[in-house]
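Some notes on the structure that comes next.
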Number of protein chains: 2
Amino acid sequence: MNEIRVFCPATIANISCGFDVLGVALDSVGDEMVVRKIPEKGIRITKLEGQDLPKETERNVAGVAGLTLLEASGYDGGFEIEIYKKIKAGSGIGSSAASSSGAVWAMNELLGRPFSKIDLVRFAMEGERLASAVAHADNVAPALYGGFTLVRSYDPLDVVSIPNPPELYATVIHPQIEVKTSDSRSVLRTKITLAQGIKQWGNVGGLIAGLFTNDYDLIGRSLEDHIVEPIRSILIPGFDNVKSEALNAGALGCGISGSGPSIFAFCKGETIAKKVSESMKEVYQDIGIDHDVHVSKINTNGVRAI
Amino acid sequence: MNEIRVFCPATIANISCGFDVLGVALDSVGDEMVVRKIPEKGIRITKLEGQDLPKETERNVAGVAGLTLLEASGYDGGFEIEIYKKIKAGSGIGSSAASSSGAVWAMNELLGRPFSKIDLVRFAMEGERLASAVAHADNVAPALYGGFTLVRSYDPLDVVSIPNPPELYATVIHPQIEVKTSDSRSVLRTKITLAQGIKQWGNVGGLIAGLFTNDYDLIGRSLEDHIVEPIRSILIPGFDNVKSEALNAGALGCGISGSGPSIFAFCKGETIAKKVSESMKEVYQDIGIDHDVHVSKINTNGVRAI
């Protein structure tokens, strides 16, 4: 096999109480990439459609992640990459992670799978380092493992797959305003109270337990964030209304996707998820902010060949 | 049925990363109580053997917890309680919780089970309020539910049962020094860094996932506490040695039980648990501190009739 076309899922990171540790892959929104082996060493981005992003290998997240894999592989040749972006950069649903993860997953396939999933996470994290100056794993882990993932630890890197109930759907709305990841980081306080921490890890425990036992109510009760959401949501116009409308329409819970501005809701079943998406849209229609909305099953495979 | 004899298990609370939220019930150490219906209103502690504790109803945790249940029940009569303490008060393995939980569980049986488990937790928490001025649930919840329990939230009270791998054993050593719960509370800092919090809730997620999937290694990796243990362990002579000896002997993880001074270790299988108990004992033999040691399966029932 010299060429492969892959689907690279969008992902929600920072799932409410799971700030910096919990992410999930989506099924109905993602990029496509074509990766092919070439005899020349190195990596070339030969096409980049859908978004205005750098094509130079060293300035492109897929290029940088791919170079890390290439170096580790000892492979003599190189790769050409075509990227068909459907995820908007800066939307908060793992645009850079999709590209980084797709590139390294595809290359690993073409080389006969010399690397494990955790290796691929490490390579893809280098793409994240380029995109946001921090080599975080909370989008690339779900993009590569599929489903929900917990990044238990960075040193050593430890990624845990968490199952999900079959009827769990995600609704994501992207209000088209710019919130830079760096700004979104800088508003955070470096200290929290022990009492806030206890609430947060109680909720993380509840969310994980709910995902294991298909307990939708427990999932909903655990989707609380007393630490980051109250601060970051100030950067997202309409957040409080979107959240309350989503909950009124039957969402289990609702929060900021990644570092925003996208807002996600989890729902039981597609019917409710669609109703929730309508209620979220109405808020931005009323305010007059352009927006995209996605309703998606949980993607339990991660990046896949198509 | 007018009389019941019950076993009231010891419990480990504050399980490493699960400070204030995660507890577990033990099988081989606990109190016994006899509770019988009497026609007179109120509660009388007619016997209290094994520990020097107050017998006056209003000053006894079983009495106070029982009175709370009695009032809620509308029952015309009352109860007599005999308490045979085997858990040492102040040892850090839920001595007061065993008495409170045993009393309310037994009374609920004698009244034909009018109350749910979560009701019983609420009643037993009043005994904890008497014992330590805080109505905490992290010992009474595992004492009543059995196994591992997560107190996800206090407002509203939300207790989640967590399964455990069949070969999981606990080893607990109690060095006979006094560490008051109130002192142990007062050394804690009221603020933590966000980075510490993220590590802690990553570990809570990993521990819960490991318990659900019988992944002993993941359980071991997740038994970390970067927040409370470094501070509280200073109050427990020999703690660092006990911990390193336990891990060397094959324990999955090791930490402070409750607010100390007892130290627990989790192990895979009874053979390792016994070996770990020997290595922990040696530390206190060398220092010359009296100690008790318990090796126990996880108690998956909670309080039970015997």
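Lettering follows sequence order; numbering is per chain, from 1.
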Could you check whether any side-chain heavy atom of [X] comes within less than 4.5 Å of a side-chain heavy atom of [Y], counting everything from C-beta outward?
X: A:F212; Y: B:T213; value: yes
X: A:L194; Y: B:T190; value: no
X: B:I192; Y: A:T193; value: no

Judged by atom type as modelled, is there a donor-acceptor pair below 3.5 Å linking the side chain of B:W201 to the main-chain atoms of A:R152?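 Such a contact is absent between B:W201 side chain and A:R152 backbone.
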
Chain A contact via [X] - which portion, at a heavy-atom distance below 4.5 Å:
X: B:L188; result: side chain
X: B:D215; result: neither
X: B:S222; result: both
X: B:E224; result: side chain

Looking at B:D158, B:L207, B:V228, which has the largest count of heavy-atom pairs under 4.5 Å with chain A?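 Counting heavy-atom pairs under 4.5 Å, the top option is B:D158.
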
Which region of A:I227, side chain (C-beta onward) or backbone (N, CA, C, O), has a non-hydrogen atom less than 4.5 Å from a non-hydrogen atom of chain B, or is it both or neither?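 Answer is side chain: those atoms of A:I227 sit under 4.5 Å from chain B.
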
What verdict does the side chain to side chain contact (heavy atoms under 4.5 Å, CB included) test give for B:S153 and A:R221, after you've listed the backbone C-alpha separation in whole Å, the side-chain angles of each residue and the deciding distance to 0.1 Å? CA-CA 9 Å; B:S153 149; A:R221 295 198 301 278; over 6 Å; no

Looking at every non-hydrogen atom in both residues, tell me the closest pair between B:L150 and A:G202 and how far apart they are.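 Smallest heavy-atom distance, with atoms named: CD2-O, 3.6 Å.
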
Within 6.0 angstrom of A:R304 CZ, more than 12 heavy atoms from elsewhere: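 Yes, because the 6.0 Å sphere around CZ of A:R304 holds more than 12 heavy atoms from other groups.
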
Between CD1 of A:I208 and CG of B:L211, what distance do you get to the nearest 0.5 Å?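 So the CD1 of A:I208 and the CG of B:L211 are separated by 11.5 Å.
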
Hey, which of A:V160, A:V204, A:L22 has the most heavy atom pairs under 4.5 Å with chain B?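 Heavy-atom pair counts peak at A:V204.
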
I need the residue from A:V151, A:I162, A:L218 with the largest number of non-hydrogen atom pairs under 4.5 Å to chain B.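 Most heavy-atom pairs within the cutoff with chain B belong to A:L218.
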
